[in-house]
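All values below were derived from every heavy atom in this structure, side-chain atoms included, with hydrogens, water molecules and symmetry-related copies excluded. Quick caveat, the model's predicted, so the values are computed rather than measured.
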Amino acid sequence: MRLGRTDKSVGDLQILPDEDVLRCCASGDQQALRELTRRYQAPIFRFLYRMSGSREDAEEAAMDVFTKAWQHAGRFQYRAKVSTWLYRIAANLARDAHSRKMARPQEAWPDERQLERGSLGSAETDALNTLEREDQARQIREAIDQLNESDRMLIVLYYLEERDYEEMQAITGVSYTVLKTRLARARQRLKAKLEDGYKRTVP
Amino acid sequence: MNCRDLEKNSAAWLQGRRPELAESIAEHTGKCSRCALLLREEKALLESLAPLRAEPTAPDLWPDLYERIRTTTPHRAATRPWYAFALTGAVAAALAFVSLRPQEPVRELTLAPEDEVRIVRMAADVLPAPDPADDAGYEGMRATRSARQAILIGYAGDGE
């Protein structure tokens, strides 16, 4: 469905598929961008948070993702899913941020307890309320943080963001064979890091 | 299901996104020990990562985002200017003209033996005397052949 330039109401936009919402964005409809943001701010923020480990950096980067989506909506070719396109923008921003981070002193992952108090919803807070689980989460975060940027992105996209192979190919721009090899390598490295962490905590 | 299918779908099935694959996965891993091992490893890794699946709630980005974009408009879709289309058309037309125009048939030149002998003699008259220091036989033969060719070309061109 090709839409005209007239702005749609919020109710109209909510029932449109992503592609039509993006077409409305391309024609300058700010409410369409609001709808696109409502749909994808949670997964995009979550992905960026998992890549950066910083809530502030993730929030800033998520804003950049939707700003770029607004600016470039008219150039989207509709060959991929809109969600894949947004993840791809986010992945590029995460890579850039990682490069900048490498150029300055390393920051530790945020304390999970601090993160929970500040940001988690009630269901998730309940799930993580025991010290044991907090420690587990911290160890896993540390293990993921020790991976290189490429490995971390694959692990986060595949195991935490639940993207399938086709979407990951579109997001990372690599072939199936390369993706499969890199994912297997990232999996082995993460496994080794997790085992190292476990050995350190259990003398 | 084959090994590739299992590699692609094992995590999705373990995460509960593809429940319809249960039977085919069980059937394949019953026959393929490599895939059975992969599945066990995937399961162990996903269990390790489970504590991270508790999601930080995303902030509402819209108020700040709106402040950023309210005075801007999206970039226009990249369109080609009219002269780009005109130039493309002109180039295509030129190529079509060059490739489709009728080719002149190659004219066959036939000489009577006595004409050929005469031409070679004429060539010999205009050639410089061979240098005794050179390999006279070879050079003379080569020069004669070149001159003959040149004269033949001239002859053919003037023979219209």
Residue part contacting chain B, namely of [X], when any heavy atom lies under 4.5 Å:
X	result
T67(A)	both
F76(A)	neither
E60(A)	both
A42(A)	both
Y165(A)	side chain
L190(A)	side chain

Straight-line distance of [X] [atom1] to [Y] [atom2], nearest 0.5 Å:
X	Y	atom1	atom2	value
E59(A)	D64(B)	CD	CG	7.0 Å
Y49(A)	T57(B)	OH	OG1	10.5 Å
K8(B)	K180(A)	NZ	NZ	10.5 Å
D64(A)	R68(B)	CG	CZ	4.5 Å
L65(B)	L33(A)	CG	CG	5.0 Å
L52(B)	I140(A)	CG	CD1	5.0 Å

_Atom group of L14(B) that falls short of 4.5 Å from chain A, counting heavy atoms_ = neither

_Region of R17(B) in contact with chain A, defined by heavy-atom distances below 4.5 Å_ = side chain

_I need the contact set between residues 41-49 of chain B and chain A: heavy-atom distance under 4.5 Å, sorted by residue number._
E41(B), E42(B), L45(B), L46(B), S48(B), L49(B)

_Taking E7(B) first and then R187(A), would you say they form a salt bridge - that is, a charged N and a carboxylate O separated by under 4.0 Å?_
no

*In plain terms, say whether D60(B) and R34(A) are close enough for a salt bridge, that is, a side-chain N and a carboxylate O under 4.0 Å apart.*
no

*Taking Q15(B) for the side chain and Y159(A) for the main chain, is one N or O donor matched with an acceptor at less than 3.5 Å?*
yes

*chain B interface, residue from W70(A), Y158(A), F45(A) that has the most non-hydrogen pairs under 4.5 Å*: W70(A)

*Find out whether W62(B) and R38(A) are in side-chain contact, i.e. whether some heavy atom of one side chain is under 4.5 Å from a heavy atom of the other.*
no

*State, with a plain yes or no, whether a side-chain heavy atom of Q41(A) is found less than 4.5 Å away from one of P59(B).*
no

*asked:* Is it the case that over 12 heavy atoms from other parts of the model lie below 6.0 angstrom from the CD atom of E67(B)?
replied: yes

